[in-house]
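Keep in mind that what you see is a predicted model, and the values were worked out from it rather than measured. Atoms within each ligand, like the ligands themselves, are counted from 1 in listed order.
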Amino acid sequence: MMADMTKDLEQQYELVEAELQEVQDQINSLLEHQGRLLEQKSELLNLIRSCKVSKHENLWTDEKTGRPIQEDWTRSFEWDQQAQDILLNVFGISSYRTNQREIINAILSGRDVIVIMAAGGGKSLCYQLPALLRPGIVLVVSPLLSLIHDQVMGLTALKIPARMLNSTTSKEEEKLIYKILEKGEGDLQILYVTPEKIAKSKRFMSKLEKCNHGGRLSLLAIDEAHCCSQWGHDFRPDYKNLGILKKQFPKVPMIALTATATERVQNDLKEMLQLSSCEKFVSSVNRPNLFYEVRDKKSNASGVIDDIAEFIQESYSENDSGIIYCFSRRECEQVARELQQKGISASHYHADMDAAARESVYMRWSSNKLQVIVGTIAFGMGINKPDVRFVIHHSLSKSLETYYQESGRAGRDGLPSHCLLFFRPADLPRQSAMIFAEVVGLQNLYDITRYCQSKRACRRAAFFHHFGEKLQDCNGMCDNCAFSRELVDVDVTAHAKSILTLVKELQSLDKMITLLQLVDQWKSHYRQLGMGDKYVYDYLKYASVISK
Ligand SMILES: Nc1ncnc2c1ncn2[C@@H]1O[C@H](COP(=O)(O)OP(=O)(O)OP(=O)(O)O)[C@@H](O)[C@H]1O
């Protein structure tokens, strides 16, 4: 009798347990659905916002009627044939890439233009070709000497008269350029300057004034225009003063170009450059040839380097170039040294080296005499090597935008390339200490952390989402889309809540502790409750705070 009852109760117990499991499964699936809907919601919101802005921006008003005109920049223009000839015979290019023709048509029609086009998309052509179609000089403001140098060399090789004016220009060359600007004597179609020239040289500005007065200033081009914005990833104070150009030369069209700009950065640079009414051409941020991958980073330094070395040696030959980004100068030196010991030709690059040493490393790498540069973010803008096959992040970047920029140095030639990031949560406090003072620094760090921790979502989708762009197919070009993984959902809400309570307690006591100290305190808290180390260990394992 008793035995029957127990059996009956056990059956009921099992039924309840099964039902509970079913409810839990439903909750998990609903939570997942909620997550997806929230993502969709914010994506749609971004798209609605950008539609509103671009609708407003691309409207040009008819002077007589005051009505807005929507221009069709794809139609035929009187310069079509001449532009096509120059494209083929001077630049050796047979057809335009996305938006190039439309941008050129807008500039040649006298409009101000903002161009957002991914790295390697062909931004330079958008102001270089108009320079050959119009009499006069195109003034290009560019932030880096190395970038300017490469551009002028490239144009000179194409027999296009181009010069540069910066701190390295000889007195003689400067005199010649001033004479050309002032009197129009001499051959010059594209003049590159650094933003300091505009901000600090009254003499240069007065020569430019004379050039414009003589009707010889045909276009103002602002390269790497995101440098204007404090919200961007590479703010340069001298870029803030470039608004003077539009003020002083309101009738000369201006083109502002950048590879990435969020809505906020776009609005900022419009304001800084005084582009109140302009055309905006946004090409996709998608780089279909880049494979994005995140791997767990081992907790010991030599384990990470072993993984990096194995990745390089198994996937690439010595002629395939790559970049490894590290957080600190010391780490760069250590990683480069240990890779060398494993037979990989690698050298470090950081801001503590003198200019000549940095130049030498860069030149050896550019000419394929060195396979890998191990750099801090000082190794950044101005890298002009098209055939970088891999970009490895030894630790995470401070935001998705910086990661997109840094990893985007791979595959500018359009060939398949790999972007690999090694992630461990223990790297987060180092980054958060650096970005705390930035206005949206912490939010940016959360975004990239989410990118790193995601085991399901398409990596590419994170970029579309971040830059407010419509989703596109990844075509299996990220780890989450390419590989199917066995994933187990684990509910760690209770653990997370207890950590949060502990953090709040410490905060109220004004106590500052490191992540590892927090973990220790949390462990001892659980030990006191008699829960045992396994409970804590399991959670830390799931949260990847400790190695698996
Ligand atoms: N229509 C085209 N067809 C083929 N190649 C092109 C075309 N337009 C530009 N290119 C080439 O693409 C390469 C990249 O162009 P460019 O340097 O202007 O890119 P970018 O958009 O400025 O990139 P980044 O932001 O990385 O500097 C150059 O070698 C250029 O000659």
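In terms of protein heavy-atom proximity, atom 3 (N) of ligand 1 is closest to Ile93 CG2, 3.4 Å. Considering only non-hydrogen protein atoms, atom 10 (N) of ligand 1 sits nearest to Arg97 NH1, 3.6 Å. The protein heavy atom nearest to atom 14 (C) of ligand 1 is Gly120 O, 3.7 Å. In terms of protein heavy-atom proximity, atom 26 (O) of ligand 1 is closest to Arg412 NE, 2.7 Å. Shortest contact from atom 8 (N) of ligand 1 to any protein heavy atom: Gln100 NE2, 3.0 Å. Scanning all protein heavy atoms for the shortest distance to atom 16 (P) of ligand 1 gives Ser124 OG, 3.7 Å.
Residue-level proximity to ligand 1 for Tyr96 is carried by the backbone, the only part with a heavy atom below 4.0 angstrom.
Not a single protein heavy atom sits closer than 4.0 Å to atom 28 (C) of ligand 1.
Applying side-chain hydrogen bond (donor to acceptor under 3.5 Å, both in side chains) to Ser417 and the options Arg409, Arg389, Arg412 leaves one that passes, Arg389.
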> For Phe422 and His393, what are the C-alpha separation, side-chain angles and deciding distance, and is it a ring pair (Phe, Tyr, Trp, His ring centres under 6.0 Å)?
Replying inline: CA-CA 6 Å; Phe422 283 90; His393 276 72; over 10 Å; no

> Step by step, would you call Phe463 with Tyr451 a ring pair (Phe, Tyr, Trp, His ring centres under 6.0 Å)?
Replying inline: CA-CA 9 Å; Phe463 294 124; Tyr451 170 92; 5.6 Å; yes

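Residue-ligand proximity: Ser95 is placed with a non-hydrogen atom under 4.0 Å from ligand 1.
For Lys123, a nitrogen or oxygen atom sits less than 3.5 Å from a nitrogen or oxygen atom of ligand 1, counting backbone and side chain alike.
For ligand 1, the atoms closer than 4.0 angstrom to any heavy atom of Gly122 are 9 (C), 15 (O), 16 (P), 18 (O), 19 (O), 20 (P), 21 (O).
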